[in-house]
Amino acid sequence: MTTLSPPATIAFIGLGMMGRPMASRLAEAGFKLRLYDLSQKAVSDFICAHPMALATASAKAAVQGADAVITMLPDGKIVRQALIEGRDSAREGMAAGMLAIDMSSSNPVDTQKLARDLAALGVALLDAPVSGGVKRAIDGSLSIMVGGNAADLERARPAFAAMGKTITLCGPAGAGHALKALNNYLSAAGLVAMCEALVVGEAFGLDPGTMVDVFNSSTGKSNATEVKGRQFVVPRNFAAGFTTGLMAKDLRTASEVANHLQLNMPGLKQAVAYWADASGKLGGSADHTEIFRYAEMLAEEES
Ligand code: NAD
């Protein structure tokens with residue numbers, strides 16, 4: 001088992017808002033990259049910035065000759081398609097001994113099954129979802145939550161170190177994905193609380209910027225108040241780079257985990273319904289900080 005150190009070759013699948021800056025960090029660290037994304041533009045834009053990276057036409061082609069494959073795709077169902085079930089999936093090009101790393105926010109129960117299916121092919125899987133958003137993907141300071149085998153994490157550590165600052169082994173396969181979904185429940189709940197507080201405060205005549213500043217020096221402080229209030233919500237630019245649709249998916253995932261464990265979580269159920277409705281009304285591609293506009297819309301309805 002060789003360590004994934006530069007100039008090892010990594011197949012990177014999914015060059016969206018997060019995948020692109022994460023793959024950039026790997027290229028800058030000296031890894032050789034073989035790229036695949038459904039969007040040819042996503043690949044060609046990346047290659048303009050990193051001409052040494054190689055474009056490929058499928059997941060199957062991307063993994064050929066690679067030491068590891070990283071997926072940064074919308075959800076675990078798409079990851080499964082790309083790795084083992086879809087047409088021209090990675091399965092057809094993967095060699096035994098390869099390491100697969102799913103950095104998407106996927107469903108942990110599906111991840112446990114994927115880990116078993118890949119193990120049958122001689123491929124170890126790490127789930128390694130991230131937190132920190134586009135800004136921290138760009139500066140390589142993501143929080144990476146790892147599920148899987150400790151020895152496999154050590155193999156992958158140099159690649160993780162290029163993308164993240166905090167690398168935590170959370171437990172066996174699926175543990176990283178479970179923790180990520182639960183983290184996003186807290187993140188989504190904090191954002192809704194801040195937005196509702198701002199709507200009420202503004203109606204009372206308070207200045208929203210002053211409100212955020214006071215939250216940040218008081219017990220109401222959260223990631224929403226510190227990172228999203230002054231930056232994206234108060235100026236109404238709604239440019240955090242994470243969509244409402246993906247947040248709704250993460251909440252569904254957290255709820256599916258609770259259901260799988262037969263745990264009744266009424267607050268979580270409410271959050272799922274809130275974000276599903278918001279995603280329908282704002283559009284799934286709306287930035288998740290636009291949840292403020294949704295809170296404003298609801299405020300106008302009869303209570
Ligand atoms: P995105 O929609 O910007 O990017 C997804 C990319 O995957 C796109 O380039 C798309 O073309 C590509 N793609 C989709 N289906 C594909 C397929 N079958 N084969 C190949 N490529 C395919 O999403 P994102 O914001 O980069 O998020 C990616 C993952 O990271 C999601 O699971 C998300 O929940 C998670 N995440 C996002 C953020 C954020 O701030 N945006 C933060 C943490 C985690």
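Read the numbers this way: they start at 1 and go in the same order the structure lists the ligands and their atoms. Values below: every heavy atom of this structure, side chains too, minus hydrogens, waters and symmetry copies.
At the shortest separation from atom 41 (N) of ligand 1 among protein heavy atoms lies G241 O, 2.9 Å. Among all non-hydrogen protein atoms, the one lying nearest atom 34 (O) of ligand 1 is K249 NZ, 3.0 Å. The protein heavy atom nearest to atom 4 (O) of ligand 1 is G16 CA, 3.2 Å. Looking from atom 26 (O) of ligand 1 to the surrounding protein, the closest heavy atom is M18 N, 2.9 Å. For atom 35 (C) of ligand 1, the closest heavy atom belonging to the protein is S105 OG, 3.4 Å. Distance from atom 28 (C) of ligand 1 to its nearest protein heavy atom, with residue and atom name: L73 O, 3.8 Å. For atom 18 (N) of ligand 1, the nearest protein heavy atom (residue, atom name, distance) is I78 CG2, 3.5 Å. Counting only heavy atoms of the protein, atom 20 (C) of ligand 1 lies nearest to L38 N, 3.4 Å.
Residue contacts with ligand 1 do not include A82, since none of its heavy atoms lies under 4.0 Å from the ligand. Using a 4.0 angstrom heavy-atom cutoff, M72 counts as in contact with ligand 1. Under the 4.0 angstrom criterion for non-hydrogen atoms, K180 is in contact with ligand 1.
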Worked check of salt bridge (Lys or Arg N to Asp or Glu O under 4.0 Å) between D213 and R230: CA-CA 8 Å; D213 293 344; R230 278 279 189 189; 2.6 Å; yes
Stepwise salt bridge (Lys or Arg N to Asp or Glu O under 4.0 Å) check, R25 with D139: CA-CA 8 Å; R25 298 282 312 178; D139 68 22; over 6 Å; no
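Ionic pairing of D152 and R155 is present here: one or more N-O contacts between side-chain nitrogen and carboxylate oxygen are shorter than 4.0 angstrom. Salt-bridge check for E296 with R236: passed, with a basic side-chain N closer than 4.0 Å to an acidic carboxylate O. Checked for salt-bridge contact, D250 and K180 miss the test: no charged N lies under 4.0 Å from a carboxylate O.
When heavy-atom distances to ligand 1 are checked against a 4.0 Å cut-off, T243 has no atom that comes that close, whether in backbone or side chain. At a heavy-atom cutoff of 4.0 Å, ligand 1 is contacted by both the backbone and the side chain of P74.
Judged by distance alone, the side chain of K32 and the main-chain N or O of A66 form no donor-acceptor pair under 3.5 Å.
Considering both main-chain and side-chain atoms, F242 never comes within under 3.5 Å of ligand 1 through any nitrogen or oxygen pair.
D127 and T111 share no side-chain donor-acceptor pair at under 3.5 Å. There is no side-chain donor-acceptor pair under 3.5 Å between N107 and K77.
For ligand 1, the atoms lying closer than 4.0 Å to a non-hydrogen atom of G133 are 40 (O). Residue S104 has at least one heavy-atom neighbour below 4.0 Å for each of these atoms of ligand 1: 32 (O).
For atom 2 (O) of ligand 1, no protein heavy-atom neighbour is present inside the 4.0 Å cut-off.
A single hydrophobic cluster is not seen to contain both I138 and F242; linkage of ILVMFWY side chains at heavy-atom distances under 4.5 Å, directly or through other members, places them apart.
Between I10 and the options V69, D67, L4, a side chain to side chain contact (heavy atoms under 4.5 Å, CB included) holds for only L4.
Among all heavy-atom pairs drawn from L282 and Y294, the shortest one is CD1-CB, 4.1 Å.
Of the listed options D37, V79, L246, D37 places a heavy atom closest to atom 9 (O) of ligand 1.
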